[in-house]
Amino acid sequence: MTGPFPVELLLGDTLAVARSLIGARLVRGSGPDARIGRIVEVEAYIGPEDLACHARTGLTRRNATMFGPPGRAYVYLVYGMYHCLNVVTEPEGSPSAVLIRAVEPLSGIEHMRRARAERLAAARRTTPSEANARPAVGTSAAGPASNGARLAAGPGLVCVAFSIGRADDGANLCDPRADLRLEAAPIGESLPIQAGPRVGIDYAPEPWRSRPWRFYVPGNASVSVAAGPGQDAGLAR
DNA sequence: GCAAAGATTTGCT
DNA sequence: GCAAATCTTTGCC
């Protein structure tokens, strides 16, 4: 069994916190319909001096949650169409967070699949009528991802699978009674951890662009494709 | 007040 | 392999 995720674990060094979040459970809802996934990929964003971190611009309306207490969910909209979920770390006033990049679905997989299908259908409806005439792709329950391993294999997909939006910004993920929450990994469970450069931050100057602040489980089928296979190939031996 | 780009994903060439 | 989708936030005039 799993238990609550202690907020004390989020107070320390964000790089250590990022590693400790690998293997933790992300949970949405309760009972038989609960969606549960194991975190297999994260990235650390550390304070105003990290020029890849949203806190680099100082306190703004968007990133205010990052300046708050640890254990809160920092959720923002990226590219106008996807949300990203972060776990706020370090004491209040120290703006750092860990981006949840990928989750391995464990329970409620059908619920996640449904959320994904609804998302694609909604996007399709807003496109020109010509698009409506084309057959739906990716909405089928069958296909390569039928085992569900890829349902949350990316930061945007995590939020789709767990129905996470701006309404969840600021929520306390360490509250065991919360609808969206973290839970600790089962006692004795251990996963290998690989470090590599963060993904999608080409706008950041060195040395931040190359800092190995992305952590993931090598070889896990639910890790995002963006930089997984190539790095694994070079580091897996 | 306006233009540009973004911690992404998908589908077409 | 590349560009579109889509909208909020940021940066500059």
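Heavy atoms only: backbone and side chains are in, while hydrogens, waters and symmetry mates are out. Small disclaimer: the values here were computed from a predicted structure and weren't measured. Below, chain A is the first sequence line, B the second, and so on; all start at residue 1.
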Which is it for A:R38 and A:E189 under the salt bridge (charged side-chain N to carboxylate O under 4.0 Å, His left out) test, yes or no, and what are the steps along the way? CA-CA 11 Å; A:R38 181 164 66 171; A:E189 180 179 284; 3.5 Å; yes
Check DNA chain B against residues 78-89 of chain A and give the residues with a non-hydrogen atom under 4.0 Å, in numerical order.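 Residues of residues 78-89 of chain A that come under 4.0 Å of DNA chain B are, in numerical order, A:V78, A:Y79, A:G80, A:Y82, A:N86.
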With sequence neighbours left out, the residues meeting side-chain contact (heavy atoms from CB on, under 4.5 Å) with A:P205 are A:L51, A:W208
Go through the structure and list residues passing side-chain contact (heavy atoms from CB on, under 4.5 Å) with A:D168, not counting sequence neighbours.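 Partners of A:D168 by the side-chain contact (heavy atoms from CB on, under 4.5 Å) criterion, ordered by chain and then number, come out as A:R28, A:V75, A:I164, A:L180.
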With [X] via side-chain hydrogen bond (donor to acceptor under 3.5 Å, both in side chains) - residues at least two apart:
| X | result |
| --- | --- |
| A:H54 | A:Y74 |
| A:E43 | A:Y45 |
| A:R61 | none |
| A:E8 | none |

Group every Ile, Leu, Val, Met, Phe, Trp and Tyr by side-chain heavy-atom contacts under 4.5 Å, then state whether A:V27 and A:L10 land in the same group. no
Hydrophobic cluster membership, A:V158 vs A:V217, 4.5 Å side-chain cutoff: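 Same hydrophobic cluster.
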Does A:R25 qualify as a cation-pi partner of A:F5, given the criterion of NZ or CZ under 6.0 Å from the six-membered ring centre and within 45 degrees of its axis? no
Sub-3.5 Å pairs of nitrogen or oxygen atoms, protein against nucleotides 10-12 of chain C:
from	atom 1	to	atom 2	distance (Å)
C:dT10	OP1	A:T60	OG1	3.0

For DNA chain C, consecutive-pair runs of 3 or more (Watson-Crick or G-U wobble, both H-bond-type distances under 3.5 Å) give B:1-6 with C:7-12, B:8-12 with C:1-5
B:dA5 base stacked by A:Y203 (centroids within less than 5.5 Å, tilt under 30°): no
Rounded off to whole Å, could you give me the [atom1]-to-[atom2] distance for the [X] and [N] pair?
| X | N | atom1 | atom2 | value |
| --- | --- | --- | --- | --- |
| A:L157 | B:dA7 | CG | C1' | 14 Å |
| A:R209 | B:dG6 | CZ | C1' | 15 Å |
| A:Y76 | B:dG6 | OH | P | 12 Å |
| A:R198 | B:dG6 | CZ | C1' | 15 Å |
| A:R101 | B:dT9 | CZ | P | 7 Å |
| A:L77 | B:dT8 | CG | P | 12 Å |
| A:E43 | B:dA7 | CD | P | 11 Å |
| A:L120 | B:dT10 | CG | C1' | 9 Å |

Mind checking A:L99 for me? I need base, sugar-phosphate or nothing, with any heavy atom below 4.0 Å counting as a touch. base
Contact class for A:A52 (heavy atom, under 4.0 Å): base, sugar-phosphate, or nothing? base
Side-chain donor or acceptor of A:R209 paired with backbone N/O of A:A204 under 3.5 Å: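 Yes.
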Table of protein N/O atoms under 3.5 Å from nucleotides 2-4 of chain C N/O atoms:
none

For A:D169 and A:R62, what are the C-alpha separation, side-chain angles and deciding distance, and is it a salt bridge (charged side-chain N to carboxylate O under 4.0 Å, His left out)? CA-CA 10 Å; A:D169 184 50; A:R62 174 172 72 158; over 6 Å; no
If you measure from the P atom in C:dG1 to the same atom in B:dA7, how many Å do you get, rounded?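 To the nearest whole Å, 24 Å.
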Could you tell me how far C:dA3 sits from B:dA5 if I compare only their P atoms? Round to whole Å.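 14 Å, rounded to whole Å.
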Answer with yes or no whether the side chains of [Y] and [X] bring together a donor and an acceptor at under 3.5 Å.
| X | Y | value |
| --- | --- | --- |
| A:R35 | A:S163 | yes |
| A:E183 | A:T2 | yes |
| A:T89 | A:S96 | no |

Name the atoms and distances for all side-chain donor-acceptor pairs under 3.5 Å in residues 15-22 of chain A, with sequence neighbours left out.
from	atom 1	to	atom 2	distance (Å)
A:S20	OG	A:V17	O	2.7

I need the residues from residues 9-17 of chain A with at least one non-hydrogen atom less than 4.0 Å from DNA chain C; give them sorted by number, or say none.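 Within residues 9-17 of chain A, no residue comes under 4.0 Å of DNA chain C.
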Respond yes when some side-chain nitrogen or oxygen of A:R119 is under 4.0 Å from OP1 or OP2 of B:dT8, and no when none is.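 A:R119 to B:dT8 OP1/OP2: no side-chain N or O under 4.0 Å.
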So, taking the atom named CZ in A:R114 and the one named NE2 in A:H111, what distance separates them when rounded to the nearest 0.5 Å? 5.0 Å
